[in-house]
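Throughout, protein chains are lettered first and strands after them, A, B, ... in sequence-line order, and every chain is numbered starting at 1.
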Number of protein chains: 4
Amino acid sequence: MHKPELELYYQAGVLDHFTEKQLKILTTAIQIFSEKGYENTSTKEIAEVAGVAEGNIFAKFKNKRGLLNAIIEPVLNRVFPSTIDAFIQEQLDKEYLSTAEFVDSLLFNRMDMVKENSAVFKIFFTEIFYDHDVRQELIDLFPNVYWQKLNNLIDELKQKHILNGLPNNDIIRTLWSIMGGLVVGYLFFNQPLDQRTINSGMTALVEAIEPKP
Amino acid sequence: MHKPELELYYQAGVLDHFTEKQLKILTTAIQIFSEKGYENTSTKEIAEVAGVAEGNIFAKFKNKRGLLNAIIEPVLNRVFPSTIDAFIQEQLDKEYLSTAEFVDSLLFNRMDMVKENSAVFKIFFTEIFYDHDVRQELIDLFPNVYWQKLNNLIDELKQKHILNGLPNNDIIRTLWSIMGGLVVGYLFFNQPLDQRTINSGMTALVEAIEPKP
Amino acid sequence: MHKPELELYYQAGVLDHFTEKQLKILTTAIQIFSEKGYENTSTKEIAEVAGVAEGNIFAKFKNKRGLLNAIIEPVLNRVFPSTIDAFIQEQLDKEYLSTAEFVDSLLFNRMDMVKENSAVFKIFFTEIFYDHDVRQELIDLFPNVYWQKLNNLIDELKQKHILNGLPNNDIIRTLWSIMGGLVVGYLFFNQPLDQRTINSGMTALVEAIEPKP
Amino acid sequence: MHKPELELYYQAGVLDHFTEKQLKILTTAIQIFSEKGYENTSTKEIAEVAGVAEGNIFAKFKNKRGLLNAIIEPVLNRVFPSTIDAFIQEQLDKEYLSTAEFVDSLLFNRMDMVKENSAVFKIFFTEIFYDHDVRQELIDLFPNVYWQKLNNLIDELKQKHILNGLPNNDIIRTLWSIMGGLVVGYLFFNQPLDQRTINSGMTALVEAIEPKP
DNA sequence: AATGAATGAGACTTCATTCAT
DNA sequence: CATGAATGAAGTCTCATTCAT
């Protein structure tokens, strides 16, 4: 009964009290926004493709921007934090860890989410570049929610000789650069995101952040 | 007499026969597009800020899209190819080369261009994600213009033991991931792009693509 | 409840699902187009005179041209064919016919339609001269829809000695020349189109196409 | 040295002091106006096709309307009157005349002018239907310039039993209906205007206006 | 006389949003 | 909750016209 392309949102618990038509609007908007961009999509088109009256969009989402927010906010405020939390928890639970294991845990398990929600992530990436406000939200979110936790984790992993001595900032940038490269290649440039490719990214990452003897 | 923020375009030789007002439109558009995005900028605003009549935009650039193209096309069709060519020529001219030297030549000398033309590159990145056509142009450009040359260079560098044995595809993705990470961090996330940061990216890159003993 | 100036369109069955405002737009456009010409009429003026928001025009008629088409197409594709059909049927139903009766049936009964829809016919004439596409539609329509039927009728009437031996082409041209002269005089040159004038046209026509003893 | 498509205007004596560029503008405007209509033609296009700067149009013709007037006015105020005068003079010079001779003199000698200046006449017809002012000029012209002379001629011809007893109005309408039918067919509907066709029109006309024994 | 860059009013059109039903 | 007609502000773009060179 669940729409599979909304799984992300079901798990974030934001689809309660949505009617069937409202869910249809959401999935349609995700589809069209990801194909043509938010600014190039009219509410009329969304309504037509979704097979509902245009007024429904505004009844539920207040305005067009509210519809975009309904797509982006849960990713920003729920999916990201809980993913980071889960990842950090994973590291803390494991006692002995190699750099490869660390990277594997970081990369490998997350890419499925990207592939299963590629339309959502396409919108997300696009809007982060396009929209000052969305970008600012991400920038604001980082220090408060992720930064301290990540910092602590990295310090700990440095002590365990799992990460090299580069400044934490540089390590983090290297992490998201390689991850971002894989994801952007997949979402926007028709590159594969299969296990071999992911492994290749992993290898590069391990070399870049692994302590040298 | 040259407007410094258009240096890129002067060198590409695309500003011949531009009047002072037309140059003002171009610089203004670059500024506002980079700040608010193409879709969120009206031609009226450009004209007002540039201090010209709106009609001038259409007299010279045909339509709003033509103005965006005047900004993007030279980067795509002139700056990029000539940069790649210059880079490749650099490698061929040097006999003995370490991985670090290779990466240095790749990264270090290019970042100035990004910093000096940050508004243009911001537009460029944004539109690559936002606009299917621009992205497709880039995708089309790659195989024809860059791919073969890069491939040959990488093969040669592998023989010289300057690059490791990863598939060329993976090496290239690693290169632009790390470079893209630096640039995106600088352009969109207020990260520094000073020599220390570039060096740090260089180090990560060297580790990732250097042959292991 | 019917607007009398739209009777033509009601009978053509093209006004279903029109709201009151949309009908007002149509009648207003007919009025102003006929007075000032399509190109000299702005959608803003139509909306103002009709007392509706300008957007309504585009919501219903897609664009300004769509509004003109909504006026012209039914005349071209419905009123004309059905009028011709009715006329031909009339001839076939009558056994013995004089040239005068034939001309009477042709002319007399049709002029009321012109007078009752003079604004529409003014637009129609004007656009046939002004607009290549409209004219082409009329040219295309003729061979397929009218020509064969008219030809057959004329051949039959020649056998019955109601028409003289001029080539069918010439007879048809004479018919529409005299009819067109009456109509154009009425619509554009303030000439009367009363029974005396019509009779006079009839007389000329009868003389021109009647077999001589 | 004369441009043949401007012969009409040379004879009307209105091309004195025209430079080569101004003549080119005039011929170009005649061509494009006749193809696309006055309203659908921009001064920019005329200038481009004529190979001159746009400003020249306004330097000579004051404004766009002035260019149209330069095409239409001579026809209205010189070609028409002198044609009518010449025609009337022809009749007065001939003593014994049949209806056929009269019609022949009326029709046959005038159609060459239409064929040799088809673009000008196309504009003329189109604007008479499209433009209230042009039409009004024609309406105003008729009583003052043509009407009395034509009336007198017709009265005279009635006495000579060359025309039947229809009201002069009806005779005139029949004349221009048949003539107009030939011309409109030729200019707008790809109909021939060869001698056979003209003869056929003549025959119809003679029958319609000839006194019956 | 000739040029064409510059102007800006006004055209058509889109579109998010409201609201009566 | 659902509909879609109606709105009107705001957008892009055209074009006749001016004017300094």
Side-chain angles (χ1 to χ4, degrees), chain A residues 17-22 25 39-48 51-67, chain B residues 17-22 24-25 39-48 50-67, chain C residues 17-22 24-25 39-48 50-67, chain D residues 17-22 25 39-48 51-67:
Chain A
H17 311 303
F18 272 60
T19 65
E20 199 55 43
K21 299 211 175 205
Q22 291 162 350
I25 289 169
E39 296 287 351
N40 295 319
T41 304
S42 70
T43 51
K44 188 173 186 222
E45 181 181 2
I46 294 169
E48 275 171 3
V52 304
E54 212 177 345
N56 290 322
I57 294 172
F58 298 89
K60 180 66 184 181
F61 300 97
K62 186 163 164 54
N63 52 32
K64 190 188 172 190
R65 182 73 205 192
L67 180 52
Chain B
H17 310 302
F18 272 61
T19 65
E20 201 55 43
K21 301 217 173 199
Q22 290 161 352
K24 197 69 179 51
I25 289 170
E39 297 286 354
N40 295 320
T41 305
S42 71
T43 52
K44 190 175 184 222
E45 182 182 0
I46 294 170
E48 276 170 4
V52 304
E54 207 177 349
N56 287 330
I57 295 173
F58 300 93
K60 182 67 184 180
F61 302 98
K62 192 166 162 60
N63 51 34
K64 190 188 171 189
R65 182 71 204 195
L67 180 52
Chain C
H17 311 302
F18 273 59
T19 65
E20 202 54 44
K21 301 216 173 201
Q22 290 162 352
K24 197 71 179 50
I25 289 169
E39 298 285 353
N40 295 320
T41 305
S42 72
T43 51
K44 190 175 184 220
E45 182 182 1
I46 295 171
E48 276 170 3
V52 304
E54 208 176 348
N56 286 334
I57 295 172
F58 300 91
K60 182 66 184 182
F61 301 99
K62 192 167 165 57
N63 50 34
K64 190 188 172 189
R65 181 72 205 195
L67 179 53
Chain D
H17 311 304
F18 272 58
T19 65
E20 199 55 42
K21 298 211 176 205
Q22 290 161 354
I25 289 169
E39 296 287 352
N40 295 320
T41 304
S42 71
T43 51
K44 188 173 185 221
E45 181 181 2
I46 294 170
E48 276 170 2
V52 304
E54 211 175 346
N56 290 322
I57 294 172
F58 299 89
K60 180 67 185 179
F61 300 99
K62 188 164 163 54
N63 52 34
K64 189 187 172 191
R65 183 72 205 193
L67 181 52

Report summary line: To the nearest angstrom, the CG-P distance between A:Asn56 and E:dA16 comes to 15 Å

Query - Atom pair distance, as rounded to whole Å: NZ in C:Lys60 and P in E:dT13 - result: 17 Å

Query raised in the report: Is the distance from OP1 or OP2 of E:dA2 to the nearest side-chain N or O of D:Thr19 less than 4.0 Å?
Result: yes

Query raised in the report: Whole-Å distance between E:dG4 P and D:Ile46 CD1?
Result: 17 Å

**Report entry** Phosphate-side-chain proximity, A:Lys44 and E:dC15, N/O vs OP1/OP2 below 4.0 Å
**Finding:** no

Query raised in the report: Within less than 4.0 Å of OP1 or OP2 of E:dC15, is there a side-chain N or O belonging to A:Thr43?
Result: no

Report summary line: Nt span of DNA chain F in reach of chain B heavy atoms at under 4.0 Å, 5' end first, is F:dG11 to F:dT14

Listed pairs under 3.5 Å, donor-acceptor, residues 57-65 of chain B side chains, sequence neighbours left out:
from, atom 1, to, atom 2, distance (Å)
B:Asn63, OD1, B:Arg65, N, 3.3
B:Asn63, OD1, B:Gly66, N, 2.8
B:Lys64, NZ, B:Tyr38, O, 3.0
B:Lys64, NZ, B:Thr41, O, 2.8
B:Arg65, NH1, B:Asp131, OD2, 2.8

**Report entry** Length of the line joining B:Lys64:NZ and E:dT14:C1', which is rounded to integer Å
**Finding:** 13 Å

Report summary line: Scanning both residues in full, the closest heavy-atom pair of A:Ala47 with A:Ala53 reads CB-C, 4.1 Å

Requested in this report: Please state how far atom CG in C:Asn63 lies from atom P in E:dA11, giving the value in whole angstrom units.
Outcome: 17 Å

Query raised in the report: Do A:Gln22 and A:Asn56 come close enough that some side-chain heavy atom pair is under 4.5 Å?
Result: no

Report task. For the side chain of C:Ser42, starting at C-beta, report the closest nucleotide among E:dC12, E:dT3, E:dA16. Result -> E:dC12

Report summary line: If one requires at least 3 consecutive Watson-Crick or G-U pairs with distances under 3.5 Å, the stems of DNA chain E turn out to be E:2-21 with F:2-21

Query raised in the report: Closest approach of B:Ala50 and B:Lys24, non-hydrogen atoms and distance?
Result: O-CG, 3.5 Å

Requested in this report: Find which nucleotide of DNA chain F each of B:Thr41 and D:Asn40 is nearest to by heavy atoms, and output the residue with the more 5' nucleotide.
Outcome: B:Thr41

Query raised in the report: Pick from A:Thr19, A:Thr43, A:Ile46: which one makes a side-chain contact (heavy atoms from CB on, under 4.5 Å) with A:Ile25?
Result: A:Ile46

Report task. Send over the distance from A:Ile57 CD1 to E:dA16 P, rounded to a whole Å. Result -> 8 Å

Query raised in the report: Rounded to the nearest Å, what distance is computed from the CZ atom of residue A:Phe61 to the P atom of nucleotide E:dA16?
Result: 15 Å

Query raised in the report: At under 4.0 Å between heavy atoms, what does B:Glu45 touch on the DNA or RNA strands: base, sugar-phosphate, or nothing?
Result: nothing

**Report entry** Integer-rounded Å distance: E:dC12 C1' and C:Glu54 CD
**Finding:** 7 Å

Query raised in the report: Is B:Lys21 near enough to E:dT7 that one of its side-chain N or O atoms lies under 4.0 angstrom from OP1 or OP2?
Result: yes

Query - Side-chain donor or acceptor of B:Glu39 paired with backbone N/O of A:Glu39 under 3.5 Å - result: no

Query raised in the report: Which sits closer to the 5' end of DNA chain F, B:Phe58 or C:Gly55, going by the nucleotide each is nearest to?
Result: C:Gly55

